[in-house]
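Quick notes on the structure that follows.
Excluded from the calculations below are hydrogen atoms, water molecules and symmetry mates; all remaining heavy atoms, backbone and side chain alike, are included. Protein chains get the first letters and strands the later ones, always in sequence-line order, with residue 1 at the start of each.
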Amino acid sequence: MAVRQSDFPSSYQQPTLMAKKITERAKDYSQWYLDVVREAQLASHSPVRGCMVIKPNGYALWENMQRQLDDMFKETGHRNAYFPLFIPKSFLSKEAQHVEGFAKECAVITHSRLINSEDGVAVDPDSKLEEELIVRPTSETIIWDTYRDWIQSYRDLPILLNQWANVVRWEMRTRLFLRTMEFLWQEGHTAHATEEEAREEAHRMLEVYRSFAEDYMAMPVQTGVKTESERFAGALDTYCIEAMMQDGKALQAGTSHFLGQNFAKAFDVRFQDRDGKEKYVWATSWGVSTRLVGGLVMTHSDDNGLILPPRLAPVQVAIVPIWRNDDEQARVMEYGASILQTLKDAGIRAIFDDRDQYKPGWKFAQHEVEGTPLRIAVGPRDVEKGNVELARRDTMKKEIVSREGIEKLLPELLETIQADLLAAAKERTRAQTRSAATYDEFKEILDSEGGFVYAHWDGTTETEERIKNDTKATIRCLPLHPESDPGKCMVTGKESPYPVLFARAY
RNA sequence: CGGGGCGUAGCGCAGCCCGGUAGCGCAUCUGCUUUGGGAGCAGAGGGUCGCAGGUUCAAAUCCUGUCGCCCCGACCA
């Protein structure tokens, strides 16, 4: 795994918050989530409605996600590029379903200037734009407008690009990380000569997301394909990864779209193929966002705060020194510093928390609430005996181990924690996944336990809509490679070839 | 957009019903003592009470308006 040495984050020098107050999960999950995000100092609400300030702790986590995902994109042949934040209004209207999907949530730029006024500044009415600009809700349109100029021949294909960017969707109801009006994400946009190749690409990137979620976030996911009503506006097929949160609600954690030739036709992107004929290009797009941070919080954390999987934790090990007097301090500091060096040399992201304005107990609590996977405490007794006290965040268990060999022990232990978190999340998700034979049973499960529910469905949008209205549950996805398991739709009794996955979702 | 809540010190809040010129905890600063699970004592600094009107001798408090944010429901990643 890619690891990086880390010095003490500068944010740690700043005053920290008052005594932590985290609502118990069982009491109010929604409030618990907000409390954890606040106490772990991941993000805070901004002065702007629905937007957030991502604080250093939260951003470091996002950076680790970015770094890993970016490596995975590069490994699958993609390069990064950057397209503008602003999109001419006319571009949005070129693909009919795409417009319909995003029209209701676009920020529109109408003027370019402010003037002085009695209350400070006002919009200068003389600066009205000839063509209004849309703040990108996603970049298909401007990218495909550009691809038209890049593609003439089959030799120009495929184009495999990704961009890291911010996007804006004017949401009515927001929640830190899970749904904000502005969010950070990556969006891949690829162009292919054949349908088969584009479909392969969409599946390849879905697999990248699945493995990232499980291998790095330790967040098990269900993969599948969306129904027509849940499909990305403008896509022929939307593939997704769906994760189950602790409270029994599903989270769409990533999507990969097979766009067919919709955007190629809308933006007139054609190429001359080997056979000399002119054809429209096939497309995909795929993305994950800072929403993943919210998913990570809700997958692993507990009533004591954040729990981070070691592979993504900005700080993997925090070393806390303990002493009583100057003499002890000198010895403990030297001991701790040497351990820090040992860990850094072993490629572990470690910090030595030698701030003397905080007592050890305070630091213990702080590193716990911030989710640091491992804590090492070193005091005079440890110096004398050549030991350290190791504490695991996930299990909250402590043990004394010899300082000798920690450069081997700790990397293994971090991987053990990573594996244990995934196993625990898998087991929880398994327990939260059920099947319902009848509509009554379906409702009963949703109201009592929540979670994923497999049930038969007749394949119509009408029935899907009715279920949503009755129960607030939606079809999260249809299996990618369904095994034949025929039954009757739990609502209409019509034929159903296989069960599909339902849940109430974020 | 409907329902609810909240704007008072950096953060979290009390005070408002019953008007009298602003307080508590944490944080910050100084000093001393402390340090194996969120330290103690003593002292200190810090606030246009969201904004604008109005009532009044007097408004954080009452009235009107306005702006903003958060939470719960209808759309979405």
For atom CG of A/Asp326 and atom P of B/U35, their distance in whole Å: 12 Å
Would you classify A/Lys472 as touching base, sugar-phosphate or nothing, given that sugar-phosphate means primed atoms plus P, OP1 and OP2, and contacts are heavy atoms under 4.0 Å? sugar-phosphate
The side chain of A/Leu34 lies closest to which of these nucleotides: B/C71, B/G36, B/G37? B/C71
B/U8 and B/U33, which share atom name C1', separated by this distance in whole Å: 36 Å
At less than 3.5 Å, do the side-chain atoms of A/Lys359 and the base atoms of B/G36 form a donor-acceptor pair? no
Phosphate-side-chain proximity, A/Ser30 and B/C72, N/O vs OP1/OP2 below 4.0 Å: yes
Reckon A/Asp382 touches a base, only the sugar-phosphate, or nothing at all at heavy-atom distances under 4.0 Å? base
I want to check one thing: is the phosphate of B/G36, taken as OP1 and OP2, less than 4.0 Å away from some side-chain N or O of A/Arg324? no
Using Watson-Crick or G-U wobble geometry with both distances below 3.5 Å, tell me the partner of B/G20, or none. B/C57
Just checking A/Glu389: base, sugar-phosphate only, or nothing, at a heavy-atom cut-off of under 4.0 Å? base
Using a heavy-atom cut-off of 4.0 Å across all strands, would you classify A/Glu230 as base, sugar-phosphate, or nothing? nothing
Starting at NZ of A/Lys468 and ending at P of B/G73, how long is that distance when rounded to a whole Å? 14 Å
Distance (rounded to the nearest 0.5 Å) between A/Thr474 OG1 and A/Arg504 CZ: 10.5 Å
With side chains defined as the heavy atoms from C-beta onward, is the minimum distance between A/Phe263 and A/His98 less than 4.5 Å? yes
Nearest-Å distance, CG (A/Leu178) to C1' (B/C76)? 13 Å
Contact under 4.0 Å: A/Arg173 side-chain N or O vs B/G73 OP1/OP2: yes
Over all strands shown, is A/Thr180 touching base, sugar-phosphate only, or nothing at heavy-atom distances under 4.0 angstrom? base
Could you tell me whether A/Val48 contacts a base, only the sugar-phosphate backbone, or nothing, with contacts defined as non-hydrogen atoms closer than 4.0 Å? sugar-phosphate
Can you find a donor-acceptor pair, distance only, under 3.5 Å between A/Arg38 side chain and B/G12 base? no
In terms of relative ring orientation, are A/Trp32 and A/Tyr29 parallel, tilted or perpendicular, with 30° and 60° separating the classes? tilted
Heavy atoms only, 4.0 Å cut-off, all strands: where does A/Phe183 land among base, sugar-phosphate and nothing? base
Electrostatic pair A/Arg392-A/Asp394, nearest N-O below 4.0 angstrom: yes
Distance-only donor-acceptor test (3.5 Å): side chain A/Arg169, base B/C76: no
Would you indicate what A/Gly50 reaches in the nucleic acid, counting non-hydrogen atoms under 4.0 angstrom: base, sugar-phosphate, or nothing? sugar-phosphate
When we call it a touch if two heavy atoms are under 4.0 Å apart, what does A/Pro380 touch: a base, just sugar-phosphate, or nothing? base
Over how many whole Å does the gap from A/Asn325 atom CG to B/U35 atom C1' extend? 10 Å
Interatomic distance at P, B/C29 relative to B/U64, whole Å: 45 Å
In terms of ring plane angle, is the pair A/His203 and A/Tyr239 parallel, tilted or perpendicular, where the classes change at 30° and 60°? tilted
How many whole angstroms separate atom CZ of A/Arg175 from atom C1' of B/C69? 16 Å
Does B/C70 have its OP1 or OP2 closer than 4.0 Å to a side-chain nitrogen or oxygen of A/His45? yes
Can you say whether the rings of A/Phe258 and A/Trp282 are parallel (under 30°), tilted (30 to 60°) or perpendicular (over 60°)? parallel
Cationic tip of A/Arg375 above A/Phe364 ring, under 6.0 Å, 45° of axis: yes
Comparing A/Trp323 and A/Asn469 on RNA chain B - which has the more 5′ nearest nucleotide: A/Trp323
Does A/Lys363 have a side-chain nitrogen or oxygen under 4.0 Å from the phosphate oxygens OP1 or OP2 of B/U35? no
Report which part of the nucleic acid A/Thr138 touches: base, sugar-phosphate, or nothing (heavy-atom distance under 4.0 Å, all strands). nothing
